[in-house]
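Written below as structure tokens is the structure these notes are about.
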2 protein chains.
Amino acid sequence: LITMHPDLFELIAVCAKHKVGHVVLAGGLPPKGSIEAIKETGAKLIAFSPALALAKKLIRSGVDALVIEGMEAGGHIGPVSTSVLAQEMLPEIAEQVPVFVAGGIGRGEAIAGYLDMGAAGVQLGTLFVCATESIAHANFKKAFIRASARDAIASVQIDARLPVIPVRALKNASSELFTAKQREVAGHLDGGRVEMAEAQLQIEHYWAGALRRAVIDGDVEHGSVMAGQSVGMVKREEPVADIIGGLMTQAAAALEARAV
Amino acid sequence: LITMHPDLFELIAVCAKHKVGHVVLAGGLPPKGSIEAIKETGAKLIAFSPALALAKKLIRSGVDALVIEGMEAGGHIGPVSTSVLAQEMLPEIAEQVPVFVAGGIGRGEAIAGYLDMGAAGVQLGTLFVCATESIAHANFKKAFIRASARDAIASVQIDARLPVIPVRALKNASSELFTAKQREVAGHLDGGRVEMAEAQLQIEHYWAGALRRAVIDGDVEHGSVMAGQSVGMVKREEPVADIIGGLMTQAAAALEARAV
């Protein structure tokens with residue numbers, strides 16, 4: 001569930017009705033009462049935390065597990081990298097609740113490394129986009145297979161008055177148009193041709209439907225091709241079992257090498 | 001030595017004259033002939049490489065060691081994070097030359113992790129700024145001790161015509177003024193009030209002397225307080241020996257825990 005969803009509490013009620021076993025809360029500070037409401041359904045609650053202070057607060061509020069996700073991840077991101085979050089947070093919280101590390105993970109050696117630092121597990125998204133089982137459009141998968149880490153860039157805010165929550169996606173025509181759009185709206189603001197609320201809404205709505213346009217319709221130039229920096233490690237379409245098998249082999253080799 | 005220095009070859013000659021044992025080349029693709037010139041002095045050559053293809057090329061050209069530095073680092077940075085560079089590059093090159101990993105390292109567990117992945121060593125900058133032995137101004141050290149990882153932000157380019165090489169530094173008055181400056185110069189360009197070359201020069205010169213202004217003069221609001229994301233792990237002023245001792249204790253504990 002996304003914390004900022006306007007109908008969050010109705011969605012929690014749906015989870016309760018269907019006896020959902022685990023609820024993941026993503027997207028920022030959970031609104032007042034939402035943690036309690038989820039816990040009351042009997043579900044285990046897993047929450048994202050981008051900073052140590054918030055993590056400690058969430059643990060006190062009773063979350064059952066945490067995800068720490070670095071800025072290497074695809075989609076909406078915070079400012080701090082996975083390895084820095086892991087160093088700052090795992091030594092402080094990994095003994096209190098299970099912590100899952102996410103962002104920029106593409107090889108088993110890195111998984112072994114985070115487990116060594118105290119993580120209970122990891123979360124990967126980008127690496128599974130090109131799974132044979134994934135319904136993503138062939139164009140979307142091709143874009144992933146072709147891309148390097150440096151092609152997965154965060155969207156940039158160019159005006160303090162027009163907030164942009166950074167989203168990491170493959171650079172394409174729409175990324176450049178988004179910058180141009182911001183400059184245009186900022187210009188309208190300067191000229192008094194548009195109200196602040198309307199201007200901010202125009203920025204917010206720019207990406208509406210853009211992920212679907214890319215993933216389902218296959219328009220990888222004008223849609224949002226959300227991808228993490230691990231996209232450079234995606235080389236081919238292959239079954240989920242092979243992707244996981246490859247990661248496990250690398251992780252096992254790394255752990256065995258240490259025992260020598 | 002910085003690859004883009006206009007007098008690079010004269011600087012190499014100075015190194016030769018003084019029989020310098022190790023030369024580090026930073027700042028991008030080494031200009032033609034520079035690698036050969038350095039090797040001829042008899043010095044060991046260590047080069048920065050932000051991508052696998054360049055790393056392989058540098059190894060073929062005869063560099064003796066490589067540094068891979070992620071975007072968590074302070075100062076001039078590339079777009080890809082340390083952990084992603086490590087995953088992409090170490091498995092391919094760590095057996096050919098010694099590779100040093102840099103960017104966002106603040107704890108010994110992370111050092112142990114990169115060594116496990118094949119690194120020969122690590123390079124840390126941010127963590128030593130507040131060493132008792134460091135000549136940085138008291139204001140500069142105070143800013144580091146106060147800052148969190150998310151305060152160390154990369155400078156942002158807002159116009160495709162005005163290139164900005166991103167620099168990671170603590171957010172202050174000058175970061176906001178730099179964005180305003182770019183908008184102003186872009187406006188002058190739009191209005192035809194300034195030539196392209198002059199506009200780009202104005203952007204380039206904005207930060208001239210800014211690091212010195214912050215580190216030496218202590219003006220942490222209008223200077224450039226270059227810092228990596230590991231700045232949040234800097235808690236106090238302490239001797240270099242204690243900083244290294246702390247890292248070693250953490251790394252040793254991590255390695256011992258694996259042997260169990």
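Order of the sequence lines fixes the chain letters, A, B, ..., with proteins taken first and strands second; residue numbering starts at 1 for each chain. Everything numeric here is computed off the predicted structure, so don't read it as measured data.
When heavy atoms are compared at a cutoff of 4.5 Å, B/Val156 approaches chain A solely by way of its side chain, counted from C-beta outward. Using a 4.5 Å cut-off between heavy atoms, B/Pro50 touches chain A through backbone and side chain atoms alike. For a residue to count as touching a neighbouring chain, one of its non-hydrogen atoms must lie under 4.5 Å from one of that chain's; by this rule B/Ala149 touches chain A with backbone and side chain alike. For B/Met117, the part lying under 4.5 angstrom from a heavy atom of chain A is the side chain only.
Contact count against chain B (heavy-atom pairs under 4.5 Å) is highest for A/Val84 among A/Ile158, A/Val84, A/Ile105. No other option in B/Pro91, B/Ala160, B/Gly113 has as many heavy-atom pairs under 4.5 Å with chain A as B/Pro91.
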Could you list each N or O donor-acceptor pair linking chain A to chain B at a distance under 3.5 Å?
from, atom 1, to, atom 2, distance (Å)
A/Glu72, OE2, B/Ser81, OG, 2.7
A/Glu72, OE2, B/Ser83, OG, 3.4
A/Pro79, O, B/Gln229, NE2, 2.9
A/Ser81, N, B/Gln229, OE1, 2.9
A/Ser81, OG, B/Glu72, OE2, 2.7
A/Ser83, OG, B/Glu72, OE2, 3.4
A/Gln87, OE1, B/Gly106, N, 2.7
A/Gln87, OE1, B/Arg107, N, 2.9
A/Gln87, NE2, B/Gly104, O, 2.7
A/Gly104, O, B/Gln87, NE2, 2.7
A/Gly106, N, B/Gln87, OE1, 2.7
A/Arg107, N, B/Gln87, OE1, 2.9
A/Asp116, OD2, B/Arg258, NE, 3.1
A/Asp159, OD2, B/Arg183, NH1, 2.7
A/Arg183, NH1, B/Asp159, OD2, 2.7
A/Arg183, NH2, B/Asp190, OD2, 3.1
A/Asp190, OD2, B/Arg183, NH2, 3.2
A/Gln229, OE1, B/Ser81, N, 2.9
A/Gln229, NE2, B/Pro79, O, 2.9
A/Arg258, NE, B/Asp116, OD2, 3.1

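Residue A/Leu201 qualifies as enclosed at atom CG: its count of foreign heavy atoms under 6.0 Å is above 12.
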